[in-house]
J.: 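I'd like to ask some things about the structure below.
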Amino acid sequence: MKDHYDYLIVGAGLYGAVMARELMDAGHSVLVMDKRPHIAGNVFTRLDHDIHVHQYGAHIFHTNSDAAWNYVNRFARFNRFTNSPVANYHGKLYSLPFNMYTYNQLWGVTTPAEAQKIIDEQRADAPKEPKNLEEQAISLVGKDIYEILIKGYTQKQWGRPCSELPAFIIRRLPVRMTFDNNYFNAMHQGIPMGGYTQMVANMLEGADIVLEEDFFDDRQKWASKADQIIYTGPIDAWFDYKLGNLEYRTVRFEEELLDQENFQGNAAVNYTDSETPWTRIIEHKWFEDLHSNKTIISREYSDEWKPGMEPYYPLNDDRNNDLYKQYKALADQEENVIFGGRLGEYKYYDMDQVILAALKKVKEIL
(Lines give C-alpha, C1' and ligand atoms only; values in the text may rest on other atoms or scores of the structure.)
Protein backbone atom coordinates (compact mmCIF):
# COMPACT_ATOMS: atom_id res chain seq x y z
CA MET A 1 0.00 0.00 0.00
CA LYS A 2 1.30 3.42 -1.00
CA ASP A 3 1.15 6.58 1.06
CA HIS A 4 -1.27 8.34 -1.27
CA TYR A 5 -3.67 7.58 -4.14
CA ASP A 6 -5.78 9.50 -6.58
CA TYR A 7 -8.91 7.66 -5.46
CA LEU A 8 -10.02 5.74 -2.40
CA ILE A 9 -12.99 3.46 -3.12
CA VAL A 10 -14.91 2.43 -0.03
CA GLY A 11 -16.62 -0.85 -0.90
CA ALA A 12 -15.38 -3.68 -3.13
CA GLY A 13 -18.74 -4.59 -4.65
CA LEU A 14 -19.76 -4.24 -8.28
CA TYR A 15 -20.07 -0.45 -8.28
CA GLY A 16 -16.68 0.02 -6.65
CA ALA A 17 -15.04 -2.57 -8.89
CA VAL A 18 -16.28 -0.93 -12.10
CA MET A 19 -15.16 2.48 -10.89
CA ALA A 20 -11.74 1.09 -9.95
CA ARG A 21 -11.26 -0.59 -13.32
CA GLU A 22 -12.20 2.48 -15.34
CA LEU A 23 -10.15 4.86 -13.21
CA MET A 24 -7.08 2.61 -13.43
CA ASP A 25 -7.51 2.27 -17.19
CA ALA A 26 -7.46 6.08 -17.33
CA GLY A 27 -4.13 6.11 -15.51
CA HIS A 28 -5.22 6.85 -11.95
CA SER A 29 -3.96 5.15 -8.81
CA VAL A 30 -6.69 3.43 -6.79
CA LEU A 31 -7.02 2.00 -3.28
CA VAL A 32 -10.07 -0.18 -2.64
CA MET A 33 -11.13 -1.05 0.90
CA ASP A 34 -13.91 -3.17 2.36
CA LYS A 35 -14.88 -4.07 5.92
CA ARG A 36 -15.70 -7.63 4.88
CA PRO A 37 -12.97 -10.28 4.58
CA HIS A 38 -13.58 -10.60 0.83
CA ILE A 39 -14.19 -8.62 -2.34
CA ALA A 40 -17.35 -8.67 -4.52
CA GLY A 41 -19.85 -7.38 -1.94
CA ASN A 42 -23.21 -9.12 -2.08
CA VAL A 43 -22.37 -10.95 -5.31
CA PHE A 44 -19.57 -12.82 -3.50
CA THR A 45 -19.44 -16.52 -4.34
CA ARG A 46 -17.22 -19.15 -2.73
CA LEU A 47 -16.26 -22.63 -3.93
CA ASP A 48 -17.41 -25.32 -1.49
CA HIS A 49 -17.48 -29.06 -2.39
CA ASP A 50 -17.22 -28.10 -6.09
CA ILE A 51 -20.25 -25.82 -5.78
CA HIS A 52 -20.19 -22.06 -6.25
CA VAL A 53 -22.24 -20.82 -3.30
CA HIS A 54 -23.98 -17.44 -3.59
CA GLN A 55 -23.33 -16.49 0.01
CA TYR A 56 -25.57 -13.40 0.08
CA GLY A 57 -28.42 -14.75 -2.01
CA ALA A 58 -28.93 -15.72 -5.62
CA HIS A 59 -27.56 -13.33 -8.23
CA ILE A 60 -28.44 -13.97 -11.87
CA PHE A 61 -27.06 -11.53 -14.40
CA HIS A 62 -29.73 -10.42 -16.85
CA THR A 63 -29.90 -7.37 -19.08
CA ASN A 64 -31.25 -5.94 -22.30
CA SER A 65 -28.24 -3.61 -22.48
CA ASP A 66 -25.55 -4.63 -24.93
CA ALA A 67 -23.18 -2.23 -23.17
CA ALA A 68 -23.62 -3.93 -19.78
CA TRP A 69 -23.38 -7.41 -21.31
CA ASN A 70 -20.27 -6.60 -23.29
CA TYR A 71 -18.70 -5.07 -20.21
CA VAL A 72 -19.07 -8.08 -17.92
CA ASN A 73 -17.93 -10.38 -20.70
CA ARG A 74 -14.57 -8.63 -20.60
CA PHE A 75 -14.00 -10.21 -17.18
CA ALA A 76 -15.80 -13.57 -17.31
CA ARG A 77 -17.32 -16.19 -19.58
CA PHE A 78 -21.02 -16.66 -18.91
CA ASN A 79 -23.01 -19.87 -19.05
CA ARG A 80 -26.53 -20.13 -20.44
CA PHE A 81 -28.38 -20.29 -17.12
CA THR A 82 -32.03 -19.29 -17.46
CA ASN A 83 -34.00 -18.39 -14.36
CA SER A 84 -37.18 -20.48 -14.24
CA PRO A 85 -38.24 -20.58 -10.57
CA VAL A 86 -40.93 -22.82 -9.13
CA ALA A 87 -43.53 -21.89 -6.51
CA ASN A 88 -44.41 -24.32 -3.72
CA TYR A 89 -47.81 -23.67 -2.13
CA HIS A 90 -48.70 -26.23 0.54
CA GLY A 91 -46.76 -28.88 -1.38
CA LYS A 92 -48.24 -28.13 -4.80
CA LEU A 93 -45.83 -26.81 -7.44
CA TYR A 94 -46.53 -23.98 -9.87
CA SER A 95 -44.50 -22.48 -12.69
CA LEU A 96 -43.20 -18.91 -12.43
CA PRO A 97 -43.58 -16.31 -13.75
CA PHE A 98 -47.32 -16.58 -14.40
CA ASN A 99 -47.69 -18.37 -17.73
CA MET A 100 -49.79 -21.06 -19.39
CA TYR A 101 -48.16 -23.79 -17.30
CA THR A 102 -49.28 -21.89 -14.19
CA TYR A 103 -52.87 -21.52 -15.39
CA ASN A 104 -53.05 -25.19 -16.32
CA GLN A 105 -51.78 -26.13 -12.85
CA LEU A 106 -54.28 -23.78 -11.19
CA TRP A 107 -57.43 -24.32 -13.24
CA GLY A 108 -56.78 -27.13 -15.75
CA VAL A 109 -57.18 -24.75 -18.71
CA THR A 110 -55.27 -25.43 -21.90
CA THR A 111 -55.84 -22.29 -24.00
CA PRO A 112 -54.96 -18.62 -23.48
CA ALA A 113 -58.60 -17.64 -24.02
CA GLU A 114 -59.75 -19.88 -21.14
CA ALA A 115 -57.06 -18.51 -18.83
CA GLN A 116 -57.78 -14.89 -19.73
CA LYS A 117 -61.51 -15.39 -19.13
CA ILE A 118 -60.89 -16.62 -15.56
CA ILE A 119 -58.46 -13.80 -14.79
CA ASP A 120 -60.88 -11.18 -16.15
CA GLU A 121 -63.75 -12.60 -14.09
CA GLN A 122 -61.67 -12.61 -10.90
CA ARG A 123 -60.47 -9.05 -11.24
CA ALA A 124 -63.78 -7.57 -12.37
CA ASP A 125 -64.64 -6.23 -8.89
CA ALA A 126 -61.18 -4.83 -8.15
CA PRO A 127 -60.97 -1.06 -7.54
CA LYS A 128 -60.11 0.99 -10.59
CA GLU A 129 -57.62 2.98 -8.49
CA PRO A 130 -55.92 0.47 -6.17
CA LYS A 131 -54.85 1.95 -2.83
CA ASN A 132 -52.60 -0.89 -1.64
CA LEU A 133 -50.66 -3.90 -2.90
CA GLU A 134 -53.52 -6.34 -2.37
CA GLU A 135 -55.93 -4.32 -4.49
CA GLN A 136 -53.24 -3.72 -7.10
CA ALA A 137 -52.39 -7.43 -7.42
CA ILE A 138 -56.02 -8.53 -7.70
CA SER A 139 -56.66 -5.87 -10.34
CA LEU A 140 -53.77 -7.29 -12.38
CA VAL A 141 -54.05 -11.08 -11.99
CA GLY A 142 -57.26 -11.93 -10.11
CA LYS A 143 -57.92 -13.53 -6.72
CA ASP A 144 -56.56 -17.08 -7.21
CA ILE A 145 -53.10 -16.05 -8.35
CA TYR A 146 -52.98 -13.40 -5.65
CA GLU A 147 -54.00 -15.77 -2.83
CA ILE A 148 -51.82 -18.71 -3.91
CA LEU A 149 -48.73 -17.15 -5.47
CA ILE A 150 -48.42 -13.56 -4.21
CA LYS A 151 -50.00 -12.92 -0.82
CA GLY A 152 -48.05 -15.19 1.54
CA TYR A 153 -44.69 -14.68 -0.16
CA THR A 154 -45.04 -10.90 -0.26
CA GLN A 155 -46.15 -10.63 3.37
CA LYS A 156 -43.16 -12.69 4.48
CA GLN A 157 -40.83 -10.64 2.32
CA TRP A 158 -41.99 -7.26 3.63
CA GLY A 159 -43.10 -8.26 7.14
CA ARG A 160 -46.54 -6.63 6.89
CA PRO A 161 -49.97 -7.42 5.38
CA CYS A 162 -50.40 -6.75 1.67
CA SER A 163 -53.30 -4.44 2.54
CA GLU A 164 -50.77 -2.19 4.32
CA LEU A 165 -48.14 -2.20 1.56
CA PRO A 166 -48.08 0.51 -1.12
CA ALA A 167 -49.46 -0.41 -4.52
CA PHE A 168 -46.32 0.72 -6.37
CA ILE A 169 -44.35 -2.31 -5.16
CA ILE A 170 -46.27 -4.49 -7.59
CA ARG A 171 -47.30 -2.09 -10.35
CA ARG A 172 -46.36 -4.58 -13.04
CA LEU A 173 -46.63 -8.34 -12.96
CA PRO A 174 -45.65 -10.58 -15.87
CA VAL A 175 -48.86 -12.25 -17.04
CA ARG A 176 -47.98 -14.36 -20.06
CA MET A 177 -50.41 -16.17 -22.28
CA THR A 178 -47.65 -18.42 -23.58
CA PHE A 179 -45.71 -21.36 -22.15
CA ASP A 180 -42.65 -19.15 -21.61
CA ASN A 181 -41.27 -19.64 -18.08
CA ASN A 182 -38.09 -17.59 -18.55
CA TYR A 183 -38.48 -15.29 -15.54
CA PHE A 184 -36.45 -12.34 -16.75
CA ASN A 185 -37.01 -12.73 -20.49
CA ALA A 186 -33.95 -10.54 -21.03
CA MET A 187 -31.87 -10.47 -24.19
CA HIS A 188 -28.79 -11.55 -22.21
CA GLN A 189 -28.79 -13.82 -19.18
CA GLY A 190 -26.36 -16.11 -17.40
CA ILE A 191 -23.96 -16.81 -14.55
CA PRO A 192 -20.20 -16.12 -14.76
CA MET A 193 -18.38 -19.43 -15.05
CA GLY A 194 -16.02 -19.63 -12.09
CA GLY A 195 -18.25 -17.47 -9.92
CA TYR A 196 -18.81 -13.76 -9.38
CA THR A 197 -15.84 -13.40 -7.05
CA GLN A 198 -13.40 -14.27 -9.83
CA MET A 199 -15.16 -11.86 -12.18
CA VAL A 200 -14.80 -9.01 -9.66
CA ALA A 201 -11.18 -10.01 -8.97
CA ASN A 202 -10.50 -9.62 -12.69
CA MET A 203 -12.07 -6.15 -12.59
CA LEU A 204 -9.89 -5.15 -9.64
CA GLU A 205 -6.64 -6.44 -11.09
CA GLY A 206 -3.93 -3.87 -10.48
CA ALA A 207 -5.66 -2.08 -7.60
CA ASP A 208 -4.35 -2.07 -4.05
CA ILE A 209 -6.96 -3.74 -1.84
CA VAL A 210 -7.42 -3.61 1.92
CA LEU A 211 -9.94 -5.99 3.50
CA GLU A 212 -11.40 -6.28 6.99
CA GLU A 213 -10.94 -2.56 7.57
CA ASP A 214 -13.89 -0.31 8.38
CA PHE A 215 -13.49 3.19 6.96
CA PHE A 216 -15.27 4.68 9.95
CA ASP A 217 -12.95 3.08 12.50
CA ASP A 218 -10.26 5.57 11.46
CA ARG A 219 -11.97 7.96 9.11
CA GLN A 220 -9.29 10.63 9.18
CA LYS A 221 -6.53 8.15 8.34
CA TRP A 222 -8.31 6.64 5.35
CA ALA A 223 -9.63 9.93 4.02
CA SER A 224 -6.08 11.30 3.98
CA LYS A 225 -5.00 8.44 1.70
CA ALA A 226 -6.54 9.91 -1.45
CA ASP A 227 -7.48 13.08 -3.28
CA GLN A 228 -11.03 11.83 -3.87
CA ILE A 229 -13.28 9.26 -2.21
CA ILE A 230 -15.86 7.08 -3.91
CA TYR A 231 -18.17 5.88 -1.16
CA THR A 232 -20.56 2.96 -1.72
CA GLY A 233 -21.70 2.38 1.86
CA PRO A 234 -24.95 3.56 3.48
CA ILE A 235 -25.35 7.28 2.88
CA ASP A 236 -26.77 7.88 6.37
CA ALA A 237 -23.72 6.22 7.95
CA TRP A 238 -21.45 8.81 6.28
CA PHE A 239 -23.30 11.51 8.23
CA ASP A 240 -23.36 9.48 11.45
CA TYR A 241 -27.14 8.98 11.12
CA LYS A 242 -27.69 12.51 12.36
CA LEU A 243 -31.06 12.80 10.60
CA GLY A 244 -32.13 9.27 11.56
CA ASN A 245 -31.73 5.80 10.06
CA LEU A 246 -32.87 4.91 6.57
CA GLU A 247 -34.80 1.63 6.73
CA TYR A 248 -34.28 -1.65 4.88
CA ARG A 249 -35.42 -5.22 4.81
CA THR A 250 -32.68 -7.72 5.54
CA VAL A 251 -32.27 -11.41 4.70
CA ARG A 252 -31.07 -14.23 6.91
CA PHE A 253 -29.63 -17.38 5.31
CA GLU A 254 -29.74 -20.88 6.76
CA GLU A 255 -27.22 -22.91 4.77
CA GLU A 256 -27.05 -26.71 4.73
CA LEU A 257 -24.66 -29.19 3.08
CA LEU A 258 -26.53 -32.34 2.04
CA ASP A 259 -24.98 -35.71 1.28
CA GLN A 260 -27.01 -36.15 -1.89
CA GLU A 261 -26.65 -34.97 -5.47
CA ASN A 262 -30.02 -33.31 -5.95
CA PHE A 263 -32.40 -31.76 -3.41
CA GLN A 264 -35.08 -29.91 -5.40
CA GLY A 265 -34.00 -30.13 -9.04
CA ASN A 266 -34.08 -26.37 -9.54
CA ALA A 267 -31.97 -23.39 -8.53
CA ALA A 268 -34.87 -21.55 -6.85
CA VAL A 269 -38.13 -22.68 -5.27
CA ASN A 270 -40.33 -19.97 -3.74
CA TYR A 271 -42.57 -20.91 -0.80
CA THR A 272 -45.69 -18.82 -1.27
CA ASP A 273 -47.83 -19.97 1.66
CA SER A 274 -47.73 -17.86 4.82
CA GLU A 275 -47.12 -20.85 7.15
CA THR A 276 -43.66 -21.77 5.81
CA PRO A 277 -41.24 -19.39 7.56
CA TRP A 278 -38.72 -19.07 4.72
CA THR A 279 -39.42 -17.27 1.47
CA ARG A 280 -37.43 -19.58 -0.79
CA ILE A 281 -34.81 -22.31 -0.99
CA ILE A 282 -31.81 -21.88 -3.27
CA GLU A 283 -29.92 -24.96 -4.48
CA HIS A 284 -26.64 -23.43 -5.55
CA LYS A 285 -25.22 -26.16 -7.77
CA TRP A 286 -27.86 -25.57 -10.45
CA PHE A 287 -26.47 -22.10 -11.24
CA GLU A 288 -23.31 -23.75 -12.55
CA ASP A 289 -23.22 -27.54 -12.37
CA LEU A 290 -19.67 -28.69 -11.59
CA HIS A 291 -20.89 -32.28 -11.05
CA SER A 292 -20.48 -32.37 -7.29
CA ASN A 293 -21.76 -35.53 -5.55
CA LYS A 294 -23.19 -33.28 -2.81
CA THR A 295 -25.49 -30.29 -2.80
CA ILE A 296 -25.77 -27.08 -0.77
CA ILE A 297 -29.06 -25.34 -0.10
CA SER A 298 -29.89 -22.01 1.51
CA ARG A 299 -33.21 -21.21 3.13
CA GLU A 300 -33.91 -17.49 2.99
CA TYR A 301 -35.76 -15.64 5.75
CA SER A 302 -36.80 -12.03 5.30
CA ASP A 303 -36.46 -9.94 8.47
CA GLU A 304 -37.00 -6.41 9.70
CA TRP A 305 -33.70 -4.55 9.51
CA LYS A 306 -32.14 -3.07 12.63
CA PRO A 307 -28.91 -1.05 12.94
CA GLY A 308 -25.94 -3.41 12.87
CA MET A 309 -27.66 -5.86 10.52
CA GLU A 310 -26.83 -6.18 6.81
CA PRO A 311 -29.10 -3.86 4.75
CA TYR A 312 -30.56 -5.50 1.65
CA TYR A 313 -33.71 -3.93 0.22
CA PRO A 314 -34.37 -0.20 0.67
CA LEU A 315 -37.85 0.56 2.00
CA ASN A 316 -38.60 3.24 -0.57
CA ASP A 317 -41.78 4.50 1.06
CA ASP A 318 -42.59 8.19 1.43
CA ARG A 319 -40.95 8.54 4.86
CA ASN A 320 -37.65 6.96 3.78
CA ASN A 321 -37.54 8.66 0.40
CA ASP A 322 -38.01 12.05 2.07
CA LEU A 323 -35.22 11.24 4.53
CA TYR A 324 -32.93 10.15 1.70
CA LYS A 325 -33.53 13.47 -0.08
CA GLN A 326 -32.31 15.27 3.04
CA TYR A 327 -29.17 13.11 3.15
CA LYS A 328 -28.68 13.60 -0.60
CA ALA A 329 -28.74 17.36 -0.07
CA LEU A 330 -25.97 16.98 2.50
CA ALA A 331 -24.02 14.66 0.20
CA ASP A 332 -24.15 17.22 -2.61
CA GLN A 333 -22.30 19.64 -0.35
CA GLU A 334 -19.45 17.22 0.37
CA GLU A 335 -16.22 18.07 -1.43
CA ASN A 336 -14.21 15.35 -3.16
CA VAL A 337 -16.69 12.60 -2.22
CA ILE A 338 -18.85 10.66 -4.69
CA PHE A 339 -21.76 8.60 -3.35
CA GLY A 340 -22.82 5.64 -5.47
CA GLY A 341 -24.35 2.18 -5.58
CA ARG A 342 -27.32 0.59 -3.85
CA LEU A 343 -26.51 1.90 -0.37
CA GLY A 344 -24.92 5.19 -1.36
CA GLU A 345 -27.99 6.11 -3.41
CA TYR A 346 -30.60 4.26 -1.30
CA LYS A 347 -31.91 2.59 -4.43
CA TYR A 348 -32.67 -0.95 -5.52
CA TYR A 349 -30.35 -1.81 -8.40
CA ASP A 350 -30.15 -4.86 -10.63
CA MET A 351 -26.55 -5.76 -11.42
CA ASP A 352 -26.63 -4.36 -14.94
CA GLN A 353 -28.03 -1.08 -13.60
CA VAL A 354 -25.20 -0.86 -11.07
CA ILE A 355 -22.63 -1.32 -13.83
CA LEU A 356 -24.26 1.23 -16.13
CA ALA A 357 -24.58 3.75 -13.29
CA ALA A 358 -20.90 3.35 -12.42
CA LEU A 359 -19.85 3.72 -16.06
CA LYS A 360 -21.93 6.89 -16.37
CA LYS A 361 -20.49 8.37 -13.18
CA VAL A 362 -16.88 7.59 -14.05
CA LYS A 363 -17.41 9.17 -17.47
CA GLU A 364 -18.54 12.35 -15.70
CA ILE A 365 -15.47 12.23 -13.45
CA LEU A 366 -13.02 11.73 -16.30
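What you see is a predicted model, and the numbers here were worked out from it, not measured in a lab. This chain uses plain numbering: 1 for the first residue, then up along the sequence.
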J.: Under 3.5 Å, is there a donor-acceptor pair between the side chain of Arg176 and the main chain of Asp180?
T.: yes

J.: Within the supplied structure, the quantity of interest is the number of heavy atoms (other residues, nucleotides, ligands) at a distance under 6.0 Å from Asp66 CG; does it exceed 12?
T.: yes

J.: With a 4.5 Å cut-off on side-chain heavy atoms, are Ile145 and Thr102 touching?
T.: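 In short, these two side chains do not touch, never coming nearer than 4.5 Å.
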
J.: Any side-chain heavy atom of Ile39 within less than 4.5 Å of one from Leu211?
T.: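 In short, these two side chains touch, coming nearer than 4.5 Å.
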
J.: Please collect all side chain to side chain donor-acceptor pair (under 3.5 Å) contacts where either partner lies in residues 129-145, sequence neighbours excluded, each pair once.
T.: Trp107-Asp144, Gln122-Asp144, Glu134-Tyr146, Gln136-Arg171

J.: Take Tyr7 and Met19 through the test side chain to side chain contact (heavy atoms under 4.5 Å, CB included) and record every step on the way to the result.
T.: CA-CA 10 Å; Tyr7 289 89; Met19 295 290 279; over 6 Å; no

J.: Looking at Glu205, I want to see if its CD is surrounded by more than 12 non-hydrogen atoms of other residues, nucleotides or ligands under 6.0 Å.
T.: no

J.: Tell me whether Phe75 shares a hydrophobic cluster with Ile209, the cluster being built from Ile, Leu, Val, Met, Phe, Trp, Tyr side chains joined at under 4.5 Å.
T.: yes

J.: Evaluate the ring planes of Phe239 and Tyr327, with Trp represented by its six-membered ring, and classify them as parallel (under 30°), tilted (30 to 60°) or perpendicular (over 60°).
T.: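 It falls in the parallel class, under 30°.
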
J.: Will you find, in the side chains of Glu147 and Tyr89, an N or O donor that is under 3.5 Å from an N or O acceptor?
T.: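 No, no side-chain donor-acceptor pair sits under 3.5 Å.
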
J.: Counting only N and O atoms by type, is there a donor-acceptor contact under 3.5 Å from the side chain of Lys156 to the main-chain atoms of Tyr271?
T.: yes

J.: Please examine the side chains of Asp6 and Val30, heavy atoms only from C-beta on, and report whether any two atoms are closer than 4.5 Å.
T.: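 A side-chain contact is absent here, since even the closest heavy-atom pair is not under 4.5 Å.
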
J.: Within the side chain of Asp48, is there an N or O that forms a donor-acceptor pair under 3.5 Å with the backbone of Ile51?
T.: no

J.: How about NZ on Lys363, more than 12 heavy atoms from neighbouring residues, nucleotides or ligands closer than 6.0 Å, or not?
T.: no

J.: May I ask you to check if Arg36 and Tyr56 form a cation-pi contact, with NZ or CZ under 6.0 angstrom from the six-membered ring centre and within 45° of the axis?
T.: yes

J.: Decide yes or no for Thr272 and Tyr94: does some side-chain heavy atom of the first lie under 4.5 Å from some side-chain heavy atom of the second?
T.: no

J.: Could you check Asn262, Ile296, Val269 and say which one makes a side-chain contact (heavy atoms from CB on, under 4.5 Å) with Glu283?
T.: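 Of the listed options, the one satisfying the test is Asn262.
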
J.: Any side-chain heavy-atom pair from Arg123 and Val141 closer than 4.5 angstrom?
T.: no

J.: Have Asn320 and Glu247 got a donor and an acceptor in their side chains that come within less than 3.5 Å?
T.: yes

J.: With a 6.0 Å cut-off (strictly less than), is the heavy-atom count around OH of Tyr153, excluding the residue itself, greater than 12?
T.: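 Atom OH in Tyr153 is crowded, with more than 12 foreign heavy atoms closer than 6.0 Å.
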
J.: Do Leu330 and Lys242 come within less than 4.5 Å of each other through their side chains, counting heavy atoms only?
T.: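 The answer is yes, as the side chains (C-beta and beyond) meet within the 4.5 Å cut-off.
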
J.: Any side-chain donor paired with an acceptor under 3.5 Å for Gln264 and Asn88?
T.: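 The answer is no; no qualifying pair exists.
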
J.: Sub-3.5 Å donor-acceptor pair from the side chain of Asp34 to the main-chain atoms of Gly11, do we have one?
T.: no

J.: Report yes or no: do Val362 and Tyr5 belong to one cluster of Ile/Leu/Val/Met/Phe/Trp/Tyr joined by side chain heavy-atom distances under 4.5 Å?
T.: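 As far as the 4.5 Å side-chain criterion goes, Tyr5 and Val362 are not connected within one cluster.
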
J.: Return yes if some donor-acceptor pair links the side-chain N/O of Thr250 with the main-chain N/O of Glu304 below 3.5 Å, else return no.
T.: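 Not a single qualifying donor-acceptor pair exists.
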
J.: Taking Glu261 first and then Lys285, would you say they form a salt bridge - that is, a charged N and a carboxylate O separated by under 4.0 Å?
T.: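 Not counted as a salt bridge, because no side-chain N and carboxylate O are separated by less than 4.0 Å.
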
J.: Check whether any side-chain N or O of Asp208 sits under 3.5 Å from a backbone N or O of Leu31 as a donor-acceptor pair, and report yes or no.
T.: no

J.: For residues Gln157 and Thr279, is any side-chain donor paired with an opposing acceptor at under 3.5 Å?
T.: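 Thr279 and Gln157 do not have a side-chain donor-acceptor pair below 3.5 Å.
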
J.: Check for me whether the distance between the ring centres of Phe78 and Trp69 falls short of 6.0 Å.
T.: yes

J.: If you define the side chain from C-beta out and look only at heavy atoms, does anything of His28 sit under 4.5 Å from Asp227?
T.: no

J.: Measure from the side-chain N and O atoms of His4 to the backbone N and O of Lys2, and report whether any donor-acceptor pair falls under 3.5 Å.
T.: no

J.: Under a 4.5 Å side-chain heavy-atom rule over Ile, Leu, Val, Met, Phe, Trp and Tyr, are Phe98 and Phe179 clustered together?
T.: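 Both belong to a single hydrophobic cluster.
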
J.: What about Val210 and Val200, same hydrophobic cluster or not, with Ile/Leu/Val/Met/Phe/Trp/Tyr joined at side-chain heavy-atom distances under 4.5 Å?
T.: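 Hydrophobic grouping puts Val210 apart from Val200.
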
J.: I'd like to know if the side chain of Tyr101 pairs up with that of Asn181 as donor and acceptor (distance under 3.5 Å, no hydrogens or angles considered).
T.: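 No.
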
J.: Salt bridge or not for Glu255 and Arg46, using N-O below 4.0 Å?
T.: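 Arg46 and Glu255: salt-bridged.
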
J.: Tell me, do Val175 and Tyr103 make a side-chain contact under 4.5 Å, heavy atoms counted?
T.: yes

J.: Which pairs count as salt bridge (charged side-chain N to carboxylate O under 4.0 Å, His left out) when at least one residue sits in residues 337-355, sequence neighbours excluded?
T.: none

J.: Taking NZ, NE, NH1 and NH2 as the nitrogens, is one of them in Asp25 or Arg74 under 4.0 Å from a carboxylate oxygen of the other?
T.: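 Counted as a salt bridge, because a side-chain N and a carboxylate O are separated by less than 4.0 Å.
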
J.: Has His62 got a side-chain atom pairing as donor or acceptor with Gln189's backbone, closer than 3.5 angstrom?
T.: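 Absent.
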
J.: Say whether Tyr346 and Leu323 are linked into one hydrophobic cluster, either directly or through other cluster members, by side-chain heavy-atom distances under 4.5 angstrom.
T.: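 Cluster IDs for Tyr346 and Leu323 match.
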
J.: When you measure from the side chain of Gln105 to the backbone of Ser95, do you find a donor-acceptor pair of N or O atoms at a distance under 3.5 Å?
T.: yes

J.: Answer yes if the ring centres of Phe81 and Phe61 are under 6.0 angstrom apart, and no otherwise.
T.: no

J.: Centre of Tyr301's six-membered ring, under 6.0 Å away, within 45 degrees of the axis: is that where NZ or CZ of Arg252 sits?
T.: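 Yes, a cation-pi geometry holds between Arg252 and Tyr301.
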
J.: Between Lys117 and Glu114, does at least one N-O distance fall below 4.0 Å, as a salt bridge requires?
T.: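 A salt bridge is absent here (no side-chain N lies under 4.0 Å from a carboxylate O).
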
J.: Less than 3.5 Å apart, any donor N or O on the side chain of Asp322 or Gln326 sitting next to an acceptor on the other?
T.: no

J.: Please work out whether the ring planes of Phe216 and Tyr231 are parallel, tilted or perpendicular, with thresholds of 30° and 60°.
T.: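 Taking Tyr231 first and then Phe216, their aromatic rings stand perpendicular (interplane angle over 60°).
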
J.: Look only at the side chain of Asn83 and the backbone of Tyr183, and say whether a donor-acceptor pair between them is shorter than 3.5 Å.
T.: no

J.: Please check if atom NZ in Lys35 has more than 12 non-hydrogen atoms from other residues, nucleotides or ligands closer than 6.0 Å.
T.: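 It does not: Lys35 NZ has 12 such atoms or fewer within range.
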
J.: Strictly by side chain to side chain donor-acceptor pair (under 3.5 Å), give each pair with a member in residues 9-19 just once, sequence neighbours left out.
T.: none

J.: Checking Arg219 against Trp238 for the side chain to side chain contact (heavy atoms under 4.5 Å, CB included) test, could you report, in this order, the C-alpha distance in whole Å, the side-chain angles of both residues, the deciding distance, and whether it holds?
T.: CA-CA 10 Å; Arg219 184 170 182 156; Trp238 181 269; 3.1 Å; yes

